[in-house]
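Note sheet for the following structure.
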Amino acid sequence: MPIPEDVTGEEIDKDVRQELQSLPKTLAEDVAKNLVMVARLIDEDPEGAYGYSRVALRLASRVAAVREAAGFAAYANQKYAEALAEFRAARRMTGTVELWPLMADCERGLGRPEKALDMAGAPEVQKLDKAGQVEMRLVAAGARRDMGQLDAAIVTLQSSELASHSVQPWTARLRYAYADALLAAGRSGEAREWFAKAVEADRDGSTDASDRLAEIDGVEFTDALDEDEPAEDTPTRQDTQDEQDARDEQDERDDRD
């Protein structure tokens, strides 16, 4: 796949660059450029990112960062079995638990919420940092909802992180998930409150909480001027004809007078 001229490969994280030092220099540069493209496209063009990840995987499948990138690209394209395999491979190579919540969410994607819940209760969760533990809580709540256990999903999300007034990178998503679960359970008043709190925390627009809040409030957004409807002060063809008929009638009356 073509690499844009502005991509040098130097844009990658220094830890990844260090991993690639085990490869011949030219090969390392090629892999780095493909990893840059994966990172650049994964949000806006996940299919494109997936294509570059496959190239990197073909070039250096024994590099953990490459397997991880391939996992993220597959995950972004809802290729959950493939993503899970890549995440497992990366974890075997590094021994870290950072990918545990994503692996559990892949199990959800494969229709195995029970497995995701088992992973949520595994010892690995205690080794996660705060962000990872919140992510695991979100996955576990999602698994509960997959199983039709709405009340359990709500309870799963109730935590010190949810109650905290401080805004962290995960705050908006956590509040949003809680609001969405409340709404699904028919608790619309509480849901509105938490969607509003999600809006307050969503500084980068990572959720559609503002739209959900407006939906609950019954607010409809319409274009200022619908192309299919004329403006009120613009006469239609029928209006113009009616006015002309009225003028003709007035002229006739004037002639008779």
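Index from 1, following the sequence. Being a predicted model, the structure only gives us computed values, none of them experimental.
Partners of R67 according to the salt bridge (charged side-chain N to carboxylate O under 4.0 Å, His left out) rule, which considers only residues two or more places apart in sequence or in another chain, are E86. For S164, the side-chain contact (heavy atoms from CB on, under 4.5 Å) test picks out S166, with sequence neighbours left out. With sequence neighbours excluded, no residue forms a salt bridge (charged side-chain N to carboxylate O under 4.0 Å, His left out) with E114. Legend: residues meeting salt bridge (charged side-chain N to carboxylate O under 4.0 Å, His left out) with K115, ordered by chain and number and at least two apart, are absent. Contacts of A81 classified as side-chain contact (heavy atoms from CB on, under 4.5 Å), with partners at least two apart in sequence or in another chain: L110. In this structure E82 satisfies the side-chain contact (heavy atoms from CB on, under 4.5 Å) test together with Y50, R54, A74, K79, sequence neighbours excluded. For R58, the salt bridge (charged side-chain N to carboxylate O under 4.0 Å, His left out) test picks out no residue, with sequence neighbours left out. Not counting sequence neighbours, Y52 has no partner by the ring pair (Phe, Tyr, Trp, His ring centres under 6.0 Å) test. Legend: residues meeting side-chain contact (heavy atoms from CB on, under 4.5 Å) with D202, ordered by chain and number and at least two apart, are A172, D204, S206, T207.
Between D180 and R212, some side-chain heavy-atom pair lies under the 4.5 Å cut-off. By the 4.5 Å heavy-atom criterion applied to side chains, Q168 and K130 are not counted as neighbours. Between M37 and P4 the shortest side-chain heavy-atom distance falls below 4.5 Å.
Every pair tested for ring pair (Phe, Tyr, Trp, His ring centres under 6.0 Å) that includes a residue from residues 139-174 fails, sequence neighbours excluded, so the list is empty. Sorted by first and then second residue, the ring pair (Phe, Tyr, Trp, His ring centres under 6.0 Å) pairs involving residues 183-202 (not counting sequence neighbours) are Y176-F195, Y178-W194. Within the structure, the side chain to side chain donor-acceptor pair (under 3.5 Å) test picks out the following pairs touching residues 19-43 (sequence neighbours left out): D6-R40.
No side-chain donor from either of E98 and T96 sits under 3.5 Å from a side-chain acceptor of the other.
Shown here for A104 and M136, the closest heavy-atom pair between the two residues is CB-CE, 3.4 Å. Closest approach of V97 to R91, counting heavy atoms only: CG1-NH2, 4.1 Å. Of all heavy-atom pairs between E107 and A116, the closest is CB-N, 4.1 Å. Heavy atoms only, all atoms of each residue included: A140 and L117 are closest at O-CD2, 3.6 Å. For G48 against M1, the heavy-atom pair with the smallest separation is O-CE, 4.1 Å. L138 and A177 make their closest contact through CD2-CB, 3.5 Å (heavy atoms, listed as atom of the first residue, atom of the second, distance).
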Salt bridge (charged side-chain N to carboxylate O under 4.0 Å, His left out) between E200 and K197, intermediate numbers included: CA-CA 5 Å; E200 292 175 2; K197 290 181 178 181; over 6 Å; no

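Placement of L27 and L35 within a single hydrophobic cluster is found when ILVMFWY residues are connected by side-chain heavy-atom separations under 4.5 Å, directly or transitively. Under the 4.5 Å side-chain contact rule for hydrophobic residues, F87 and L57 do not share a cluster. In terms of hydrophobic clustering, with Ile, Leu, Val, Met, Phe, Trp and Tyr side chains grouped at heavy-atom distances under 4.5 Å, I154 and L162 are assigned to a common cluster.
With R137 contributing its side chain and T156 its backbone, the two residues share a donor-acceptor pair below 3.5 Å.
With respect to E10 and R17, a salt bridge is recorded, a charged nitrogen being found less than 4.0 Å from a carboxylate O.
Between F72 and the options N77, V38, L99, a side-chain contact (heavy atoms from CB on, under 4.5 Å) holds for only L99.
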